[in-house]
Amino acid sequence: MVNPYKEYLNQDDDFSASLYQRTEELNQIDNAKPDAEGKIQLSAIVLDHAITLPHMVSPLFINPGRDLFAIQQAQENSETIIGIIPEEKAGFMEICLELAVGRLLELPDGNYSALVQGRRRLKVERIIETANSISVQAYILEKKEIPLDNHLRALMKTARLLFEQVVQLDSAIPEEAHLFSMNIDDPGWLADMIATAISPSNEQRMEIIATIDEKERLAYLNQLLAEELDVLELEEEIQSRVQNEVDRGQREVYLREQIKAIQLELGEGDLWEQEIREYQDRLEKSGFPENVKSTIQAEIKKMSLNPVLSPESGIIRNYIDWLVSLPWGKKSEDNLSIRHAEKVLKKNHYGLNKAKERILEYLAVRSLQTNHIRQPVLCFIGPPGTGKSSLGRSIAESLGRKFARISLGGIRDEAEIRGHRRTYISALPGRIIQTIKTAGTRNPLFMLDEIDKMGFDFRGDPSSALLEVLDQEQNSEFSDHYLEIPFDLSDVLFITTANSTENIPPALLDRLEMIEFPGYIEEEKIEIAKQFLILKQKHENGLITDETHFKIEAITRIIHEYTYEAGVRNLEREIGRICRKIAKLKSLQKPVPEVIEPDMLEKYLGPPQFFSFNAETDDGVGVSTAIAWTENGGEIMPVEVLIMEGKGNLQITGKIGDMMQESAQAALSYIKSRSEEFDIDMDIYEKIDIHLHIPEGAIEKDGPSAGITICTAMISALTKRKVRMNIGMTGELTLRGRILQVGGLKEKIYAARRAGLKKIIIPKKNEKDLAEIPSKVKKELKIVCAEHIDQVIKLALYP
Ligand code: ADP
């Protein structure tokens, strides 16, 4: 942008003063006098473009010839002349300018220059052109005195404000230009002055000249100013960004030089090189497979070529770190002595005989084969706290392997198993490789917990990645997205755990061999507490082994009144709480109880949380006791039926699935078909609604096994016969009243006993499962095997 004031500024720093001085001589030339019609006639020059505006001064270049002659003439007569402005359509603009021309200066190239001052806008009436001269007849556009209204004032204020900002950003316009604009009170002049200062394009200047109305001219100027400001702001932003980048680059170079200087000063040589040498050393001593070595070698080379602080070197260094810290070749020796394994399992765990036996067989097979034959992956199935993880740990101990464990619960992303590609910022290997690194050998015992709790979504199915991990055909070449080099997982001993087989993806289920952990009966829990949990908790809380003895009755009471579970996790937690309280007493040097009696529990654990089932008071009409299977073991729950006036609807509420719907429909149909025998009036079904409610717990799939319980509650509600609530029942019902087999019987029987039921009814078809139930349980809990619902009705309903 050319500064129109440059010329004046060179002379003197004070812009206004210099402008004044330089225009002194021009001011001596008077404007032309109009004739009676307000017309003037003057010789004219053709301006190349709209160079100046009224009140403003600018330099003019003049070629020798017609224009020079006209100017010389005007100066001789001390007259003004007219400047006409070429325009594409009409030849010349309709508006022209009256100008005063200053002293002529001859330039070295033979041309001339002079200062011209804009005087007035004129309206062209006639252009008289001859070979040697042009003259113009024009009207003076009389300046109307317009009132300085609010609108005009606002326009002027805006113009000054915008101009101030432009001046601040545009170094080509002197500060004084703004001051100058502040002192102009005439709106038209203000517009012309600012328009000159911001050096608009020729078209824009022509527009300014042609806009006679001062309000319009100011409005147009403000638009120009706003656009100019936009451009200037953008320019500044770009500049500062560029500057920033330059600064950062310079800073980095500077810092790097400093590091070098410091290192030299400390006699450390180049740390970067040292680091690279260290990687090289580690690699040489590592004994890694060749392909791993060559990849690392290539990465080290890449690293040495990159500048120390570049983002790339960070990524490469991370990658090398991962590669060199993985146990590519490191294996622990297996102790395959079955005797030893047996001892360890026995030492660490009470009971669990079936699981232990199966594990020993599994280890025996492994010990016999030199090349591993494919063995299925073991899957420990059972409720929480039944010893699955701790048994896994014991197996690792007996084999002399490292133990590693991850929980797959809630994992939905394949990348969690298999890692992210390195193109991701902050990419990492997947959980499998991460855990192998922590384990430190390539043959740990690796527990994958909660494989039934994995999800999947748009980010890919983690179970398919898991299949590859577990598949012995593929896992010697397990590919993690981050590592890129395959890692051999074939020597890892994988053991999976789950609460139920229900949600394990079928493809995975195929490869697993289930070992059940059904939960413990009370006697087993007491033994586990006595032999393991109390000792463990005393140890963890800093108590001595023979300090404070737990009475059996106290343990029993904790089991009954403070826990309700298939496993022993909460039992261990409650024992831990008591141990902590005692440890506190001890540290405060207060007397510590020698024996924990049942009646002391409230003091340590607060009021009891669970109460045993009180059958007698609970007996009622329309309620019966179901024993259900859940992921946490067995559970007993009331099934409630209510009869109301209505239109024959069956309504079901509670946490139930379609299965339960069907069971309820089947039960109702059976009852209807036998109404006469149950002494129920056939017409009644049309006049009532039946509402069935199953409070909570039971998972959907367990639906059918509540069949006989629902039927019993319905008959009771319809006949008003009371139900014996201390009889629990499980069994699927057919439309003809026969009882079908159910699953999870062991857990259900344990749950019935835990809840204090006296008698349970199970399907005759499940009788074979009773062989697995400890005789102590069978002695205490009367188990009736029924084939038909009639037997159930006879036992459960009062006459
Ligand atoms: P899970 O993995 O099935 O949820 P854990 O293995 O974590 O259960 O067991 C919970 C606690 O109970 C652990 O402290 C464990 O040592 C103990 N435990 C469970 N079963 C036994 C058992 N049969 N013998 C000894 N301790 C047991």
Side-chain angles (χ1 to χ4, degrees), residues 341-360 377-398 403-410 445-453 493-504 512 514-541 543 545 550 555 558-559 562-580 629-634 744 746-747 750-751 754 772 774 776:
E342 204 172 353
K343 242 190 252 163
V344 173
L345 296 187
K346 201 163 172 192
K347 178 187 83 178
N348 292 350
H349 300 271
Y350 176 87
L352 297 175
N353 293 334
K354 238 175 129 183
K356 286 180 187 167
E357 214 167 286
R358 178 64 193 95
I359 289 161
L360 292 176
V377 174
L378 297 180
C379 178
F380 294 174
I381 288 267
T386 46
K388 301 183 294 297
S389 323
S390 45
L391 197 62
R393 219 175 261 278
S394 296
I395 300 171
E397 184 190 326
S398 71
F403 180 77
R405 178 181 170 193
I406 58 173
S407 172
L408 299 173
L445 185 144
F446 200 135
M447 278 204 114
L448 299 161
D449 279 341
E450 302 195 308
I451 54 163
D452 54 338
K453 302 282 190 309
L493 177 57
F494 286 106
I495 293 183
T496 58
T497 80
N499 290 139
S500 95
T501 51
E502 216 55 59
N503 295 318
I504 302 178
L512 303 176
M514 302 297 159
I515 297 186
E516 278 177 30
F517 287 64
Y520 301 112
I521 58 171
E522 191 178 308
E523 290 73 15
E524 289 174 322
K525 288 184 184 176
I526 293 173
E527 281 310 312
I528 294 173
K530 259 178 27 188
Q531 295 180 27
F532 299 95
L533 305 181
I534 296 175
L535 294 179
K536 190 169 151 201
Q537 286 303 323
K538 276 185 182 169
H539 180 71
E540 276 180 18
N541 290 293
L543 300 178
T545 313
F550 280 69
I555 303 174
I558 300 176
I559 295 171
Y562 291 90
T563 68
Y564 187 82
E565 59 179 346
V568 290
R569 197 170 276 179
N570 295 335
L571 176 60
E572 182 174 5
R573 195 186 58 211
E574 298 300 323
I575 291 173
R577 276 172 71 191
I578 297 177
C579 291
R580 269 198 302 284
W629 181 91
T630 73
E631 292 198 353
N632 295 325
K746 208 168 173 186
E747 284 90 342
Y750 286 6
R754 215 165 38 238
E772 279 183 38
K776 181 143 180 48

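A quick note: this is a predicted structure, and the numbers were derived from the prediction, not measured. In each ligand, atom 1 is the first atom listed, and ligand 1 is the first ligand listed.
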From [atom], work out which of [options] has a heavy atom at the shortest distance.
{"atom": "atom 2 (O) of ligand 1", "options": "Gly351, Gly519, Ala355, Ser389", "value": "Ser389"}
{"atom": "atom 26 (N) of ligand 1", "options": "Ile528, Asn499, Leu345", "value": "Ile528"}
{"atom": "atom 21 (C) of ligand 1", "options": "Phe517, Tyr350, Tyr520, Phe532", "value": "Tyr520"}
{"atom": "atom 1 (P) of ligand 1", "options": "Gly392, Gly385, Ala566", "value": "Gly385"}

What is the nearest protein non-hydrogen atom to [atom], stated with its residue, atom name and distance?
{"atom": "atom 3 (O) of ligand 1", "result": "Lys388 NZ, 2.7 Å"}
{"atom": "atom 7 (O) of ligand 1", "result": "Arg569 NH2, 3.5 Å"}
{"atom": "atom 8 (O) of ligand 1", "result": "Gly387 N, 3.2 Å"}
{"atom": "atom 13 (C) of ligand 1", "result": "Glu572 OE1, 3.4 Å"}
{"atom": "atom 15 (C) of ligand 1", "result": "Ser390 OG, 3.4 Å"}
{"atom": "atom 12 (O) of ligand 1", "result": "Val568 CG2, 3.3 Å"}

Worksheet entry | Candidate list Arg393, Glu397, Lys343, test side-chain hydrogen bond (donor to acceptor under 3.5 Å, both in side chains), partner Asn348, passing option | Glu397
Discussion item. Could you work out, with salt bridge (Lys or Arg N to Asp or Glu O under 4.0 Å) as the rule, every residue matching Glu516, not counting sequence neighbours?
Written reply: none
Practice prompt. List for me each residue that meets side chain to side chain donor-acceptor pair (under 3.5 Å) alongside Thr497, sequence neighbours excluded, and say none if there are none.
Written response: Asp449
Worksheet item: Should Phe403 and Met447 be marked as a side chain to side chain contact (heavy atoms under 4.5 Å, CB included) after you check the CA-CA gap, both sets of side-chain angles, and the distance that decides it?
Response: CA-CA 8 Å; Phe403 180 77; Met447 278 204 114; 3.7 Å; yes
Worksheet item: Does the side chain of Tyr750 reach to within under 4.5 Å of the side chain of Pro774, using non-hydrogen atoms?
Response: yes
Item to complete: Would you mind reporting whether Ile534 and Ile555 have side-chain heavy atoms less than 4.5 Å apart?
Response: yes
Discussion item. Test salt bridge (charged side-chain N to carboxylate O under 4.0 Å, His left out) on Lys530 and Glu527; report intermediate values, then the result.
Written reply: CA-CA 5 Å; Lys530 259 178 27 188; Glu527 281 310 312; 3.3 Å; yes
Counting heavy atoms only, which part of [X] comes closer than 4.0 Å to ligand 1: side chain, backbone, both or neither?
{"X": "Lys536", "result": "side chain"}
{"X": "Asn348", "result": "backbone"}
{"X": "Thr386", "result": "both"}

Fill in: Close-contact set for ligand 1 against Leu352 heavy atoms, below 4.0 Å
23 (N)
Worksheet item: Of all the atoms in ligand 1, which lie at a distance below 4.0 Å from a heavy atom belonging to Pro384?
Response: 4 (O)
Worksheet item: Would Arg754 count as a cation-pi partner of Tyr564, with NZ or CZ less than 6.0 Å from the six-membered ring centre and within 45° of the ring normal?
Response: yes
Discussion item. Just verifying a value: how many Å separate Ile451 CD1 and Ile504 CD1, rounded to the nearest 0.5 Å?
Written reply: 4.0 Å
Worksheet item: Taking everything shown except Glu357 itself, do over 12 heavy atoms lie less than 6.0 Å from its CD?
Response: no
